[in-house]
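For reference, the structure discussed in these notes is given below.
Excluded from the calculations below are hydrogen atoms, water molecules and symmetry mates; all remaining heavy atoms, backbone and side chain alike, are included. Numbers here simply count residues along the sequence, with the first being 1. Since the structure is predicted, the reported quantities are computational estimates derived from the model, not experimental observations.
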Amino acid sequence: MSRVIVFGGHGRIALLLAPLLVERGVEVTSVIRNPDHTADVEAAGANPVVADVEQLDTAELADIIRGHDAVVWSAGAGGGDPQRTYAVDRDAAIRTMDAAVIAGVHRYVMVSWLGSTADHGVPEGADFFPYADAKWAADEHLRGTDLEGTILAPGTLTFDDPSGRIRIDPEGRGEVSRADVAAVIVAALDSPATIGRTIRFGNGTAENSLPIAEALSN
């Protein structure tokens, strides 16, 4: 795998992911909406592409994706506006999956969240409901495609230092450092054994966690 495209390229996880991939000799394309973020993306070692995924149609997204070996979806609306949450976390994500099929790029890694299940339990009137509903819809769409998809579902994100260890199917909120999520993405891209799986994880403790590569292989 020599070329990876990351949607949400200025996100905190993506900015940690890019250097890890670059260190492995991977050329990283980071898709960003705000041109003011170009310097940050370049400093992380990635090649910025300024494009608004809310506005691009499937064919236009396919043009951006074509020529890469894998897609990583790490974009999000950031909550707040329900309409934009659905537009980005569900609709734009789904268009990139369909675009990947058109572009002939079969490997697709979705960064989801621990609670993304059909029975996520978020009340329909809650502020968090649009996000929960949108992420579940996007995950389900990926499962229904012919892509070589992996859904990574971390728990509550922290700014802790990376531990290099995770626990699969953690209890509670499944806190996990963003740095370890970035490392899990790299490991998932390297591991064909993760294709077709939904992997829910947190950091756990030293006693109940495993090194990332070992945890993903189980």
Side-chain angles (χ1 to χ4, degrees), residues 4-9 11-14 17 31 53-54 58 61-62 65 70-79 81-103 105-124 126-157 166-176 178 180-182 184-189 191-202 212 215-216 218:
V4 173
I5 184 168
V6 180
F7 287 91
R12 293 187 178 100
I13 290 173
L17 170 64
V31 180
V53 295
E54 287 185 74
T58 304
L61 288 166
I65 292 170
V71 176
V72 175
W73 178 268
S74 187
D81 180 357
Q83 184 175 351
R84 185 161 185 267
T85 295
Y86 280 113
V88 176
D89 292 271
R90 182 191 63 191
D91 300 340
I94 287 172
R95 285 198 301 275
T96 63
M97 297 173 207
D98 296 342
V101 173
I102 293 171
V105 180
H106 303 293
R107 189 72 173 100
Y108 192 106
V109 173
M110 162 65 74
V111 181
S112 186
W113 71 294
L114 183 63
S116 181
T117 63
D119 56 348
H120 53 67
V122 180
E124 189 165 348
D127 292 342
F128 194 65
F129 179 84
Y131 177 81
D133 191 43
K135 291 302 287 183
W136 168 246
D139 291 353
E140 279 292 276
H141 188 84
L142 180 55
R143 294 185 184 102
T145 69
D146 292 328
L147 294 169
E148 296 173 352
T150 300
I151 298 170
L152 299 178
T156 300
L157 302 175
I166 57 171
R167 179 182 182 183
I168 303 296
D169 295 326
E171 297 176 354
R173 298 177 65 186
E175 288 87 352
V176 59
R178 288 171 171 83
D180 280 320
V181 175
V184 170
I185 296 170
V186 174
L189 288 168
S191 174
T194 65
I195 292 172
R197 295 172 58 192
T198 298
I199 301 169
R200 306 182 193 278
F201 66 96
I212 289 171
L216 294 184
N218 289 344

Return the minimal non-hydrogen interatomic distance between [X] and [Y], and the atom names on each side.
X: A62; Y: A103; value: O-CB, 3.7 Å
X: S112; Y: P154; value: O-CD, 3.4 Å
X: D98; Y: H141; value: OD1-NE2, 2.9 Å
X: A92; Y: V53; value: CB-O, 3.6 Å
X: A14; Y: G9; value: CB-O, 3.6 Å
X: A77; Y: D89; value: N-OD2, 3.1 Å

Say you draw a straight line from [atom1] of [X] to [atom2] of [Y]; how long is it, rounded to the nearest 0.5 Å?
X: D133; Y: R90; atom1: CG; atom2: CZ; result: 7.0 Å
X: M97; Y: T58; atom1: CE; atom2: OG1; result: 11.5 Å
X: I166; Y: I199; atom1: CD1; atom2: CD1; result: 7.5 Å
X: F201; Y: L114; atom1: CZ; atom2: CG; result: 9.0 Å
X: I185; Y: I212; atom1: CD1; atom2: CD1; result: 10.5 Å
X: T117; Y: E140; atom1: OG1; atom2: CD; result: 10.0 Å

Quiz item: Among T96, T150, T145, which residue meets the side-chain hydrogen bond (donor to acceptor under 3.5 Å, both in side chains) test with Y108?
Solution: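 Option passing the side-chain hydrogen bond (donor to acceptor under 3.5 Å, both in side chains) with Y108: T96.
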Quiz item: Where does the angle between the aromatic ring planes of W113 and Y131 fall among parallel (under 30°), tilted (30 to 60°) and perpendicular (over 60°)?
Solution: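 Taking Y131 first and then W113, their aromatic rings sit tilted (interplane angle of 30° to 60°).
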Quiz prompt | Listed partners of R84 passing salt bridge (charged side-chain N to carboxylate O under 4.0 Å, His left out), at least two apart | solution =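 If we apply the salt bridge (charged side-chain N to carboxylate O under 4.0 Å, His left out) test to R84, skipping adjacent residues, the hits are E54.
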Do the non-hydrogen side-chain atoms of [X] and [Y] ever get within less than 4.5 Å of each other?
X: F7; Y: L61; result: yes
X: V176; Y: T156; result: no
X: I151; Y: R143; result: yes
X: V101; Y: D146; result: no

Quiz item: Do the side chain of R200 and the main chain of S116 share a donor and acceptor less than 3.5 angstrom apart?
Solution: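 Confirmed, R200 side chain pairs with S116 backbone.
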Quiz item: Sub-3.5 Å donor-acceptor pair from the side chain of T194 to the main-chain atoms of A188, do we have one?
Solution: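 It does hold such a pair.
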Does atom [atom1] ([X]) have a neighbourhood of more than 12 heavy atoms from anything else shown, all under 6.0 Å?
X: N218; atom1: CG; value: yes
X: R173; atom1: CZ; value: no
X: D127; atom1: CG; value: no

Practice problem: Let me see the working for L147 and V71 under side-chain contact (heavy atoms from CB on, under 4.5 Å), right down to the final yes or no. | Solution: CA-CA 10 Å; L147 294 169; V71 176; over 6 Å; no
Quiz item: Passes side-chain contact (heavy atoms from CB on, under 4.5 Å), I5 versus V72? Steps please.
Solution: CA-CA 6 Å; I5 184 168; V72 175; over 6 Å; no
Quiz item: In chain order, what residues pass the side-chain contact (heavy atoms from CB on, under 4.5 Å) check against A193, with sequence neighbours excluded?
Solution: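 Once residues adjacent in sequence are excluded, the partners of A193 under the side-chain contact (heavy atoms from CB on, under 4.5 Å) criterion are S191.
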